[in-house]
Amino acid sequence: MSYKRPAFRHPAAATNELGFHQKDYEGAMSTLCAGCGHDSISAAIIQACFELSIPPHRIAKISGIGCSSKTPTYFLSNSHGFNSVHGRMPSVATGAVMANKSLTYIGVSGDGDTASIGMGQFAHVVRRNLNMLYVVMNNGCYGLTKGQDSATADVGSMGKAGVATMFSSIDLAGLALELGAGFVARSFSGDKDQLIPLIKAGISHDGFALIDVLSPCVTFNNTTTSTKSYTYVRDHMETTSIADYVPEKSEITASVAPGETKVIEMHDGSVIRLSSLASGWDPADRLSAKNAIYNANKKGEVLTGLLYVNADQPEVHRILNTVDVPLNELKEDQLVPDADALESINASFM
Amino acid sequence: MSYKRPAFRHPAAATNELGFHQKDYEGAMSTLCAGCGHDSISAAIIQACFELSIPPHRIAKISGIGCSSKTPTYFLSNSHGFNSVHGRMPSVATGAVMANKSLTYIGVSGDGDTASIGMGQFAHVVRRNLNMLYVVMNNGCYGLTKGQDSATADVGSMGKAGVATMFSSIDLAGLALELGAGFVARSFSGDKDQLIPLIKAGISHDGFALIDVLSPCVTFNNTTTSTKSYTYVRDHMETTSIADYVPEKSEITASVAPGETKVIEMHDGSVIRLSSLASGWDPADRLSAKNAIYNANKKGEVLTGLLYVNADQPEVHRILNTVDVPLNELKEDQLVPDADALESINASFM
Amino acid sequence: MFNGGGVNDFVVRFANVNGTGSASANTMFAKSIFRMGVPVSAKNIFPSNIQGLPTWYEVRVNGNGYLGRREGIDLMVCTNPQSMDQDLKNTREGGYFLYDSTWPLANEKRRDDLNYLEIPLMELSSKNFTDPRFRQLFKNIIYVGALSALLNIDKNVIVGLLEDQFPGKAKVVESNVKALDLGINYAKENWKCPLHFYASPMEATKGKIMIDGNTSCAIGAVYGGATVMAWYPITPSTSVADGFEEYAKQLRVDPVTGKNKFAIIQAEDELAAIGVVIGANWNGARAFTATSGPGVSLMNEFLGLAYFAEIPTVLIDVQRAGPSTGMPTRTQQADITSAFYASHGDTKHVLLFPSTPFECFEMTATAFDLAERLQTPIMVMTDLDLGMNDHVSEPLTWDPERKYDRGKVFNAEDLDRVERFGRYLDVDDDGITYRTLPGTHPTKGSFFTRGTSRDEYAKYTEDGAVYARNMERLIRKWNTAKTLVPPPEFYNDTRPAEIGLLFFGTTTDSALEAMASMRKEDILVDAMRLKAAPFSQSVIDFIFDHEVVFVIEQNRDGQMRSILINELEIDPQRLKAVLNYDGMPITAANILRQIYNHIPQPQSASVQTI
Amino acid sequence: MFNGGGVNDFVVRFANVNGTGSASANTMFAKSIFRMGVPVSAKNIFPSNIQGLPTWYEVRVNGNGYLGRREGIDLMVCTNPQSMDQDLKNTREGGYFLYDSTWPLANEKRRDDLNYLEIPLMELSSKNFTDPRFRQLFKNIIYVGALSALLNIDKNVIVGLLEDQFPGKAKVVESNVKALDLGINYAKENWKCPLHFYASPMEATKGKIMIDGNTSCAIGAVYGGATVMAWYPITPSTSVADGFEEYAKQLRVDPVTGKNKFAIIQAEDELAAIGVVIGANWNGARAFTATSGPGVSLMNEFLGLAYFAEIPTVLIDVQRAGPSTGMPTRTQQADITSAFYASHGDTKHVLLFPSTPFECFEMTATAFDLAERLQTPIMVMTDLDLGMNDHVSEPLTWDPERKYDRGKVFNAEDLDRVERFGRYLDVDDDGITYRTLPGTHPTKGSFFTRGTSRDEYAKYTEDGAVYARNMERLIRKWNTAKTLVPPPEFYNDTRPAEIGLLFFGTTTDSALEAMASMRKEDILVDAMRLKAAPFSQSVIDFIFDHEVVFVIEQNRDGQMRSILINELEIDPQRLKAVLNYDGMPITAANILRQIYNHIPQPQSASVQTI
Ligand SMILES: Cc1ncc(C[n+]2csc(CCOP(=O)(O)OP(=O)(O)O)c2C)c(N)n1
Ligand SMILES: Cc1ncc(C[n+]2csc(CCOP(=O)(O)OP(=O)(O)O)c2C)c(N)n1
Ligand code: SF4
Ligand code: SF4
Ligand SMILES: [Mg+2]
Ligand SMILES: [Mg+2]
């Protein structure tokens, strides 16, 4: 939209390791409804990228269509963005990642964009283990088309339209686990403390990282009868653990009592430290995560936190064994076979 | 195709309750490769429908595109069939079921048709709990386009093309369970004894019933290195139980030792009797089924049999509360509101 | 100075913030003029956003019944500081600028050539209403009051509307009336009322209704016998589904059992929606979907299947500005090529073009008859302007004797009578063959429906001659379609004219206004409104009866013009394109400007101020 | 009696069962004629099935180089009892019918007007080869041997082919040669050899190659710099992907690391495939997909995005017979309308029309240049006939000096130089604007790509004037495209002609043969082969330089003709449609028959036997 945030700098303008200000990670002024959960997620992405010290222009943002998919305009103005078509972000992201393995990719989608029209592409980008962070801003409805139920709306949940959902809901985290995802988390737009480290961990993960973020639609699905309302999620949130993201360079100081803590090493040398682990759950055991989700859903709880991580699943570039230099940097000298080659091709058809 | 089976009748031409011969349930001569697993599944469908005594013309067959999707031509010639477009059988079936709730619907698809291009529609037909039997003829490859890997091909499995699959495979039964399906089974084209009762039970089930049938593609994916080959499946098949389908009218005679047997009552009064139950598995417990599949897959086993059943999940007509008479039978007198109605509509816009 | 407007001839534009409840106040304003018997049209110009961005509502009052959009805002009602600069710019020279003077307009922003009507809306509202939730809403009612004084709108009419809106809620009505009076009194005390343009009661809208096209389509689907609807939300078509649900719930619930004589599937996407429609129609139910451009694009493959496998299909395309996501809240007639030729291979589809809510109703119902008669997709091509805006329309009517045309369907008895059923056998030589529904007959009439080629008996074939024969039969069917679709409407002069205007859909209002203007200038001109493609003989005749025909449409590429040329084998020189594609409804002035590029402009004609 | 055929002028059709290995024997037959220097073409007529159904292989030998399909089979080689009735029917009067007399043909089936060549193929094979796995295969080699005797094909050439096929496997070659000799000897002993038509060595194919179009496209993509390919299997395009993988693995693996300078994504469907291509191109890689009609239908929405958001996109459409699933193993040029106008809204796309394998190679490579130059989808419109059949072609050539045209891309230095970067600012007045790639510059040049309307600086807007300006710039770009696409090729008479032939793609062979036939009859005729749409000025000139132009194409609706009329504003009367749409490649005789419906047929011309 046409409004610019006033370009003033925060008084105590802190810079990150690269010397960037938080401002350098911000985007245009949001045009979403005041209070929309999506804006909080944008803020968390800004903060996470700032703290991770990624040069903003080395990030690419890709989204589908929806209120959620609009958010890439509202963060990271110095990054290229691509607001593609409804439900097809995963394929566009796949192309982008294949073209240049050296950037950081953040995909943003909505529950409609992912669980309805985008279901097929979602399943297959998981299967492909594309190296990207995939954020679903999940509000249980189609915000931009005025609040129809989405496929993540729970049975019996009722938004502003006043008709209870009748079809069983799709749990995107559970689904991603079923489909073999190597990094699965769930969070809440209202819980920045939980969300930011998860975003950092997801970005650091070498492969596909899903964060299903409950993000209330204040305009259409924030009723007392909705299970995707701010109050419901806040009141029914359970966590698998408290996740802390520790960048490569930091030293891990064991401040938490041993036995309760689990440390996961990421490919890039950073570390996720999990504390206050839920009982019977092991972040490295896919089945335990599936069971925990299933049991929480049954009780009407919203299980959040890092649900599963396996840092060793090969991402698609490794699977396809591509060269180290990004494919989009290869020039004629690398791409055109030498003259003899064509001669022998011709000869083989004579 | 243009060949007709010789129309001779089997010598001891048995008839079913309705007086139909098995012949009345047959189809045109198959044009699939000799030995193709799909043909065995067709035969099992013929047998099951014959034994269930469904009037053949009261069945509708719907499929997508693929060798598997061709099979409806090869069974039930007296039923209407619809070979639609690739991956979209679920939506066409949805329309058909909505139009006429009084027929029996058999959907046939392939693993390409379902797990790749059809993934989105598959997920949503499960969610909708459409009252139909959905048979996937699963050969781990795209038969009709000459054997490319499909998304159900296991990592490391290698068909005729000689390149091992590199992406993680999708387990359609596991997926259906995750998505809330009320009837999930897996079987093998080579095991008629197991398959026929499952087809019968699936048809009787009031709601969506998935049978994922391993069905070797003898031409492209029956190599010794393929986990979808006849030999591999036969040798690695494990079963959850032995399923027996008992029609409504029959009496259940407890011939199996108690404790080992479980009896499930279907909506139409028929019964599925399960014996030799696998330990730790309960057909009525979704989680136990998911765990059983996960553990079997991990060991390279192919878990077959009835995996989960819940006869009480409301199917879509119940959810949408439609009238008892099929919607396609309603005439003007039922459909056109009376004259006053339009007057008062007009008045409301004056 | 100001030279537009007059009694029952003016344009008011409201500038609001979306999501602030201005829509209902603005609608009330338009509706009150309608109830005074004066022709009025209202166009919502809204952003692709839910809350907080500028949104406009433009009302044209025209005693002559010219209700297309008109350039030049006579009175701007601005309550949105965000858009004020733009609004000031868009008010016509000498026009009036009413705004919320709670925050007075800086002097340097003021244009000298405007008349300012300053009213402290927020202040008045805050002072008089304590509940903060209502202040915003009543602010809107206050300006309606002020307008009622400025434009001579009968207060009783407005009160009547409020009573209709809040039946049995006297308290609510009372508060609203209080707000209304605040506006009326403020206006009367501070300004000369009425302005020199104002509304004056007529009988022109008597017996008519004011309704949007999407709701009319929805009601048409109920009357037309649709039992299955499948859809996926997309602006501007969503309200077709909403309307169908609303009216089906009112009119199609079995009173005894409480069960529904309809089923609505909110599908996972447009591919699924059209798949459901095809499956249901294949199985004998009348089923339809509603979508917009991106949906039609996604439905391409399935539309080809329905064409080739010959399955009745009804699709309502509420067009918006493309390509791609384009301007989703702006109007265009730009899916015509896409819909007409949808799908790969040799395909052509039947399109209907309603131009009023009445026709939305009528043509939606007719679409089901045509779909079943022709066993092919029928697309009702409406647009955002028609679909989402309220229009004055003939009331909806339905002949109680009317029977559905279910087309050529063999039942069990028919099958017993025929020796051998041939699903694709052209026994009547009209290209339309007989079908059967699943479940009809135990031993006869079953067949296999497929998107692959097959012979007359529905048997799969790769024989080129059989394939070609079938493709030629489809052309025969296409020729039959020409005789069955609604014929065009003519607006011909009594004297022979050399100039013809050709238009369709929402272009009609402005085209007719342009025609009237030309006639006033003594230009002989005939006009034809298309209601369907393919085209009947009368369309060809009209074109050949005129030296030059202006094809007026709302897209960049002259899509209808191309189709006319291709279908009728007409020399393109005969057809001049008159186009508008900026997403706003076309105006008569714009049409005239383009026409006068081709023919001499009469001295007196001022295309600016029509 | 028999009156066709002659030295280097005959048609042989093989009738086999698919999945029985006949393809390699048949190809060897065609290739041996090619190696004798004689022009030859081979067309596979196969079922949409994997095993057990009839399949045909038709070889035309023509010393004059007319290699389009010709009606009339001079010699039928039938090894398939299933299709024998049909094959008997399809042999020309007086022609030869060679069949496997292990199962002799019943007398009542025999046509009197054929010459029978009976050879007990299976019996010979079984007697001479013990391993049952090879009996089937050698049966095929035996008939190749028999043909070599009947048609004077140099045995050494065939042996050479076998040696090439089985390098270092002398044993295998030996067995094959044994089979070959069985056939040769049987023929010589039992029949008069050669027949009165036969092959005679020439030099006409010297330096040429025999290759299919899909492989050529694939090699073109390797040379053209494609690094990302995404696809979904669909006949007849699958072998483009197969070929790309094969040649990329040969030519694009880093010798040091063993890593790939390419990535191939077998996507979950066509929507995903084109999405990957768009994403990769957006990010600066050359990426493409290959598909057929149903895929193009599914890609509609994305193609509209690429058009409107201006993203280079390369798509190879290997056309098959539509609509819907149609006849997936038959050929047509029937996706032209669908591809040209793909997507809702006002969209038009650039199409390229290769007509030889060489052009498949060349145009695929060029498509990447054009896509990056024009920042829009480029679709290479080939078809099953060109794509899946072997054709004699000029060898593939690549100028080592050739540089890719990467189009207007600003790098970091460029950005530092410009004051304000405007992604959609038409600084060069050619409608093409500058883009930047993600990751280029820390503070400048980033922008948001979207399918919604935006201003020159890529900022979202719903302003109608800005939107319209952008749509008009896209027309400017379209006009630029006309000057950049490959111009047509002309085959004009030296004398002024009133008749023009216009054709493209696989219609070329037969069209040129028809032209030659007309010239032989002293009819003055010019010809133009289109290589691309939109059309350059020379296309218009050609059409206006002729009284009548015959537009020859392989679809029902005259799709290219309509596009010519629409784009060039030509009176349809000037363009006569010459069509073939039965799924078989068009023949010269068919073209002539249709032309002679419009112009007087010369006395001597026998369109039957050309
Ligand atoms: C092909 C297509 N169909 C439909 C739409 C209309 N549409 C826009 S956004 C949207 C749903 C968005 O829902 P979700 O992804 O949950 O995002 P939210 O707005 O809730 O954040 C739909 C259906 C579209 N843009 N494109
Ligand atoms: C839209 C579209 N894309 C691609 C194809 C080509 N195609 C036909 S069948 C098939 C795959 C079939 O695989 P599967 O469903 O597993 O069936 P199988 O042949 O293995 O039984 C494909 C890709 C098509 N018909 N339509
Ligand atoms: S409609 Fe809902 S999702 Fe969209 S911006 Fe408003 S609150 Fe957020
Ligand atoms: S190709 Fe495979 S799946 Fe298809 S018919 Fe043959 S064996 Fe069966
Ligand atoms: Mg949402
Ligand atoms: Mg398969």
Side-chain angles (χ1 to χ4, degrees), chain A residues 1-2 24 55-60 62 65 72-73 77-85 88-100 102-103 120-121 123-124 127-128 316-317 320-324 326-332 334-339 341-342 345-347 349-350, chain D residues 208-211 219 222-223 225 227-228 230 247 251-252 254 257-265 267-269 271-273 275-285 287 301-302 305 395-398 400 403-404 436-443 446-452 459-461:
Chain A
M1 272 309 308
S2 41
D24 298 316
H57 72 295
R58 304 298 297 170
I59 303 173
I62 307 179
I65 299 283
T73 321
S77 273
N78 285 321
S79 310
H80 274 63
F82 194 163
N83 199 185
S84 64
V85 286
R88 319 294 176 195
M89 176 270 275
S91 61
V92 175
T94 299
V97 171
M98 294 328 298
N100 186 353
S102 75
L103 302 183
Q121 296 215 340
H124 284 271
R127 181 167 179 261
R128 214 171 275 141
V316 63
H317 273 288
L320 296 184
N321 190 32
T322 56
V323 287
D324 296 339
L327 293 175
N328 73 350
E329 288 182 14
L330 299 173
K331 299 273 169 328
E332 287 87 342
Q334 291 287 316
L335 297 173
V336 180
D338 57 32
L342 202 51
I345 290 175
N346 281 326
F349 290 103
M350 280 178 172
Chain D
K208 303 216 166 162
I209 59 175
M210 196 166 175
I211 188 173
I219 302 170
V222 172
Y223 278 77
T227 51
V228 178
Y247 286 97
L251 304 169
R252 281 275 199 79
D254 186 287
T257 60
K259 290 188 175 182
N260 299 324
K261 289 184 279 187
F262 64 93
I264 299 174
I265 302 282
E268 61 272 29
D269 62 14
L271 286 99
V276 173
V277 171
I278 289 172
N281 273 296
W282 172 74
N283 213 2
E301 190 195 17
F302 255 133
L305 173 73
L396 312 182
T397 55
W398 188 266
K403 288 278 161 267
Y404 298 151
T436 57
L437 301 181
T440 300
H441 191 290
T443 56
S446 73
F447 70 97
F448 213 79
T449 303
R450 54 176 111 238
T452 42
K459 208 159 72 175
Y460 180 74
T461 181

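Below, read A as the first sequence line, B as the second, and so on, with proteins coming before strands; counting in each chain starts at 1.
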Student: At a heavy-atom separation under 4.5 Å, does A/R127 approach chain D through its side chain, its backbone, both, or neither?
Tutor: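 Contact with chain D involves no heavy atom of A/R127 at all.
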Student: Using non-hydrogen atoms only, which part of A/I345 is less than 4.5 Å away from chain D: side chain, backbone, both, or neither?
Tutor: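 Side chain only.
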Student: Please classify the contact between D/I211 and chain A as side chain, backbone, both or neither, with a heavy-atom cut-off of under 4.5 Å.
Tutor: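 Answer is both: backbone and side chain atoms of D/I211 are under 4.5 Å from chain A.
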Student: With chain D as the partner, which of A/V316, A/T94, A/N78 has the greatest number of non-hydrogen pairs under 4.5 Å?
Tutor: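 Top option by heavy-atom pairs under 4.5 Å: A/N78.
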Student: Over 60° means perpendicular and under 30° means parallel, so tell me whether A/H80 and D/W282 are parallel, tilted or perpendicular.
Tutor: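 Plane angle over 60°, so perpendicular.
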Student: Applying salt bridge (Lys or Arg N to Asp or Glu O under 4.0 Å), name anything that partners D/K259, two or more places apart in sequence or on another chain.
Tutor: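 With neighbours one apart ignored, the set is A/D324.
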Student: Tell me, out of A/P56, A/S79, A/A347, who's got the most heavy-atom pairs with chain D below 4.5 Å.
Tutor: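 Top count of heavy-atom pairs under 4.5 Å with chain D: A/S79.
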Student: Tell me, out of A/I62, A/N100, A/V336, who's got the most heavy-atom pairs with chain D below 4.5 Å.
Tutor: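 Option with the greatest count: A/V336.
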Student: Parallel, tilted or perpendicular: which fits the ring planes of D/Y404 and D/W398, with parallel below 30° and perpendicular above 60°?
Tutor: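 Because their plane-to-plane angle is over 60°, the rings of D/Y404 and D/W398 count as perpendicular.
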Student: What part of A/P72 gets closer than 4.5 Å to chain D, counting heavy atoms only: side chain, backbone, both or neither?
Tutor: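 Both backbone and side chain of A/P72 come within 4.5 Å of chain D.
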Student: For D/A287, is it the side chain, the backbone, both or neither that has a heavy atom under 4.5 Å from a heavy atom of chain A?
Tutor: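 Neither part.
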Student: Quick check on A/A341 against chain D: is it the side chain, the backbone, both or neither that has a heavy atom closer than 4.5 Å?
Tutor: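 For A/A341, backbone and side chain are both near chain D.
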Student: Identify which part of D/T436 has an atom lying under 4.5 Å from any heavy atom of chain A, answering side chain, backbone, both or neither.
Tutor: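 Contact with chain A is through both the backbone and side chain of D/T436.
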Student: Assess, by modelled atom type and distance only, whether the side chains of A/S102 and A/R58 contain a donor and an acceptor separated by less than 3.5 Å.
Tutor: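 Indeed, the side chains of A/S102 and A/R58 share at least one donor-acceptor pair under 3.5 Å.
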Student: Could you look at D/I265 and say if it's the side chain, the backbone, both or neither that has a heavy atom under 4.5 Å from chain A?
Tutor: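 Contact with chain A is through the side chain of D/I265 alone.
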